[in-house]
Amino acid sequence: MSKGTLFDKVWDLHTVGTLPSGLTQLFIGLHLIHEVTSPQAFAMLKERDLKVLFPQRTIATVDHIVPTENQARPFMDSMAEEMIQALEKSCQENDITFYNIGSGNQGIVHVIAPELGLTQPGMTIACGDSHTSSHGAFGAIAFGIGTSQVRDVLASQTLSLSKLKVRKIEVNGTLKPGVYAKDVILHIIRTLGVKGGVGYAYEFAGTTFTQMNMEERMTVCNMAIEGGARCGYVNPDQITYDYLQNRDFAPQGADWEKAIAWWESLSSHADAEYDDIVVFNAEDIPPTVTWGITPGQGIGVDEKVPTAAELLEEDRFIAEEAYRYMDLYPGQPIQGTKIDVCFIGSCTNGRISDLREAAKIAQGRQVAKGIKAFVVPGSERVKKEAEAEGLDKIFQAAGFEWREPGCSMCLAMNPDKLQGRQISASSSNRNFKGRQGSSSGRTLLMSPAMVATAAIKGEIADVRELL
């Protein structure tokens, strides 16, 4: 194996050829589909009389449009019902495994693939969803793709892509209490910018990441896309292997040791050359909150909304827009900002460890009067595990609603939406205008523990005060 980066090795191993355009035709080992970006892709195949080439390499679930309060079929939303029916039909016609509601394995696509052991080191993975970069936590190269590319993967099991440069992002040291993986990635995006990763794959390295569990690594890789990177990954190690061992689709028996030896060979070589290296100190990272309308507009919870003069010139225009939209003024402390809704969930922070951290804050406390707070597990397995640990009871006793699995109030393609100018404390991944279902709704991104703190206080507050 070469002395290159993991990205280079995996890319080269999956290269089918170079197209006349100069793009690489890349074989995709695992294709994940859901109900939003696949119906049109299947329709395109039918128009061309094409079949799904490798149906065994495609796995489907339903997540974006599913209601989280009442999942009885048919759904009350007729469009949502049409979308799930279309996916059910397409999977049946093409012999594709579909994890539907009630299967025990349904959930957000980027939650179920890792927990089933489908996501493994050295793979190429594609899904018609921006946050496919999540799977890079395992040492995979994972791309979010558009509907026409979903069609291409279904038909050919390949994608045409330009090879990326690789930026190594090192974070070293131990995170302080109250600082989580979500704060790490928000801090990185705040520093490098939402366009800083354009043209790059991000390799997350350093002692901070080697200390993180797999779910924390998934949170970081999940939001690599929000920093402009096409994908993000962490080199596989013993933590990766311990997570994967004995999962449904993980190698078994003698194949397990062979798999580990193979995965080890894929890690970036000690002498690998990078196109760029950026280093952070874990101790410098505070509990972080976004104040604006991009994930890059973040500040420490004890900081103030920046003035235009404190920003780079190219960031001032979007800042002025954010001040107006968010109703926040320059120099205003972010702490004390009143909120209306608190959402814990999403493919960024809807896993069991996220719910455990939030439950630590909720236990023995009460959601502030007038606050709508709810928790949405990332999958049916996460929900079952949380209930076995009694986390649902902790949340409900504190005044949180306990919901069924789904994407919920992240993209809000379901009944979970902000109303009017409501402002949300959210553990999701995007704070764009209208992102959470209301054209004038406002979103503040933060860790699940910080969302739980906001729910208890009724305003943005420092989680360290409740630890």
Exercise. To the nearest 0.5 Å, tell me how far Thr240 OG1 sits from Trp263 CH2.
Key: 9.0 Å
Quiz item: Any ion pair linking Asp315 and Lys195 (charged N to carboxylate O, less than 4.0 Å)?
Solution: no
Quiz item: Is Lys433 salt-bridged to Glu321, cutoff N-O under 4.0 Å?
Solution: yes
Self-check item: Glu216 and Tyr180 side chains, donor-acceptor separation under 3.5 Å
Solution: no
Quiz prompt | Glu404: partners by salt bridge (Lys or Arg N to Asp or Glu O under 4.0 Å), with sequence neighbours left out | solution = Lys383
Quiz item: Does Glu357 pair with Lys360 as a salt bridge, N-O distance under 4.0 Å?
Solution: yes
Quiz item: Taking the six-membered ring for Trp, are Phe138 and Tyr243 ring centroids under 6.0 Å apart?
Solution: yes
Self-check item: Donor-acceptor under 3.5 Å (Gln71 side chain, Pro67 main chain)
Solution: yes
Self-check item: Over 12 non-hydrogen atoms of neighbours within 6.0 angstrom of CD in Glu313
Solution: no
Self-check item: Considering all heavy atoms, the nearest Tyr325-Ser440 contact
Solution: OH-C, 3.2 Å
Quiz item: Distance only, no hydrogens: is a donor on one side chain within 3.5 Å (strictly under) of an acceptor on the other, for Lys182 and Asn349?
Solution: yes
Practice problem: Calculate, to the nearest 0.5 Å, the distance between atoms CG and CZ belonging to Asn235 and Arg217 respectively. | Solution: 9.5 Å
Quiz item: Does Phe343 reach the side chain of Leu418, with side-chain heavy atoms less than 4.5 Å apart?
Solution: no
Practice problem: Any ring-ring contact (aromatic ring centres under 6.0 Å, His included) involving residues 94-136? Give me the pairs, sequence neighbours left out, ordered by first then second residue. | Solution: His110-His135
Quiz item: Could Asp284 and Lys176 be called an ion pair, given the rule that one side-chain N must be under 4.0 Å from one carboxylate O?
Solution: no
Self-check item: From Thr68 atom OG1 to Glu401 atom CD, the distance as rounded to the nearest 0.5 Å
Solution: 8.0 Å
Quiz item: Got a sec: does the CZ of Phe317 have more than 12 other heavy atoms crowding it under 6.0 Å?
Solution: no
Quiz item: Roughly how far, to the nearest 0.5 Å, is CG of Leu244 from CD1 of Ile239?
Solution: 12.5 Å
Quiz item: Under 4.0 Å between a Lys/Arg side-chain N and an Asp/Glu carboxylate O for Glu385 and Arg356?
Solution: yes
Exercise. Give a yes or no on whether the backbone of Asn105 and the side-chain of Glu380 come within a donor-acceptor separation of less than 3.5 Å.
Key: yes
Self-check item: Backbone N/O of Val166 and side chain of Glu203: donor-acceptor pair under 3.5 Å
Solution: no
Quiz prompt | Salt bridge Arg435-Glu226, side-chain N to carboxylate O under 4.0 Å | solution = no
Quiz item: Do Trp256 and Trp262 have their ring centres less than 6.0 Å from each other?
Solution: no
Practice problem: Answer whether the closest heavy-atom distance between the side chains of Asn172 and Asn281 falls below 4.5 Å. | Solution: no
Quiz item: Checking side chain to side chain contact (heavy atoms under 4.5 Å, CB included) against Val289, which of Leu444, Leu186, Thr337 comes through?
Solution: Leu444
Exercise. Mark yes or no for whether Asn94, through its side chain, and Cys91, through its backbone, hold a donor-acceptor pair below 3.5 Å.
Key: no
Self-check item: For Gly128 against Thr37, the heavy-atom pair lying closest together
Solution: O-OG1, 3.0 Å
Practice problem: With the side chain counted from C-beta on, respond yes when Ile339 and Ser424 share a heavy-atom pair under 4.5 Å apart, and no when they do not. | Solution: no
Practice problem: Report yes if some heavy atom in the side chain of His31 is under 4.5 Å from a heavy atom in the side chain of Arg57; otherwise report no. | Solution: no
Self-check item: Worked check of side chain to side chain donor-acceptor pair (under 3.5 Å) between Thr290 and Gln297
Solution: CA-CA 5 Å; Thr290 61; Gln297 291 177 317; over 6 Å; no
Practice problem: Would you mind reporting whether Arg442 and Asn431 have side-chain heavy atoms less than 4.5 Å apart? | Solution: no
Practice problem: Determine yes or no for a side-chain-to-main-chain donor-acceptor pair under 3.5 angstrom, with Gln106 supplying the side chain and Ser103 the backbone. | Solution: no
Exercise. Could you tell me whether the side chains of Asp8 and Thr5 share a donor-acceptor contact shorter than 3.5 Å?
Key: yes
Exercise. Could you tell me whether the side chain of Ser156 and the main chain of Val153 form a donor-acceptor pair under 3.5 Å?
Key: no
Quiz prompt | Aromatic plane relationship, Phe27 with His14 - under 30° parallel, 30 to 60° tilted, over 60° perpendicular | solution = parallel
Exercise. Measure the spacing between OG1 of Thr348 and CG of Asp354 and express it to the nearest 0.5 Å.
Key: 9.0 Å
Exercise. Answer yes or no: does atom CD of Gln40 have more than 12 heavy-atom neighbours from other residues, nucleotides or ligands under 6.0 Å?
Key: yes
Exercise. Decide, yes or no, whether a salt bridge links Glu170 with Lys168 under the criterion of side-chain N to carboxylate O below 4.0 Å.
Key: yes
Exercise. For Gln25 and Thr158, test the side chains for any donor-to-acceptor distance below 3.5 angstrom and give the result as yes or no.
Key: yes
Practice problem: Please report the C-alpha distance between Arg190 and Ile299 in whole Å, then the side-chain angles of each, then the deciding distance to 0.1 Å, and finally whether the side-chain contact (heavy atoms from CB on, under 4.5 Å) criterion is met. | Solution: CA-CA 8 Å; Arg190 170 193 182 180; Ile299 52 177; 4.2 Å; yes
Quiz prompt | Leu445 backbone acceptor or donor facing Ser426 side chain under 3.5 Å | solution = no
Self-check item: Close aromatic pair by centroid cut-off 6.0 Å: Phe374 and Phe400
Solution: no
Self-check item: Polar contact flag, side-chain donor to acceptor under 3.5 angstrom, Asn100-Glu88
Solution: yes
Self-check item: Glu387 and Trp402 side chains, donor-acceptor separation under 3.5 Å
Solution: yes
Quiz item: Would you say the side chains of Asn222 and Ser134 form a donor-acceptor pair under 3.5 Å?
Solution: yes
Quiz item: How about Ser379 and Glu115: does a side-chain donor come under 3.5 Å of a side-chain acceptor?
Solution: yes
Quiz item: Taking the side chain as C-beta and beyond, is there a heavy-atom pair between Ile125 and Ile28 under 4.5 Å?
Solution: no
Quiz item: Within the side chain of Thr208, is there an N or O that forms a donor-acceptor pair under 3.5 Å with the backbone of Gly173?
Solution: yes
Quiz prompt | Donor-acceptor under 3.5 Å (Gln157 side chain, Leu154 main chain) | solution = no
Quiz prompt | Distance under 6.0 Å and angle within 45° of ring axis: Arg167 vs Tyr202 | solution = no
Practice problem: Kindly indicate whether the side chain of Asp63, heavy atoms from C-beta on, has any atom under 4.5 Å from the side chain of Val36. | Solution: no
Quiz item: Side-chain contact, heavy-atom cut-off 4.5 Å: Leu26 with Trp11?
Solution: yes
Quiz item: Do any N or O atoms from the side chain of Glu215 and from the backbone of Gly350 form a donor-acceptor pair under 3.5 angstrom?
Solution: no
Exercise. Could you tell me which non-hydrogen atom of Cys410 sits nearest to which non-hydrogen atom of Asn429, and how far apart they are?
Key: SG-OD1, 3.6 Å
Quiz item: Would His64 and Asp129 satisfy side-chain contact (heavy atoms from CB on, under 4.5 Å), going step by step from the backbone distance to the final call?
Solution: CA-CA 10 Å; His64 285 66; Asp129 184 277; 2.9 Å; yes
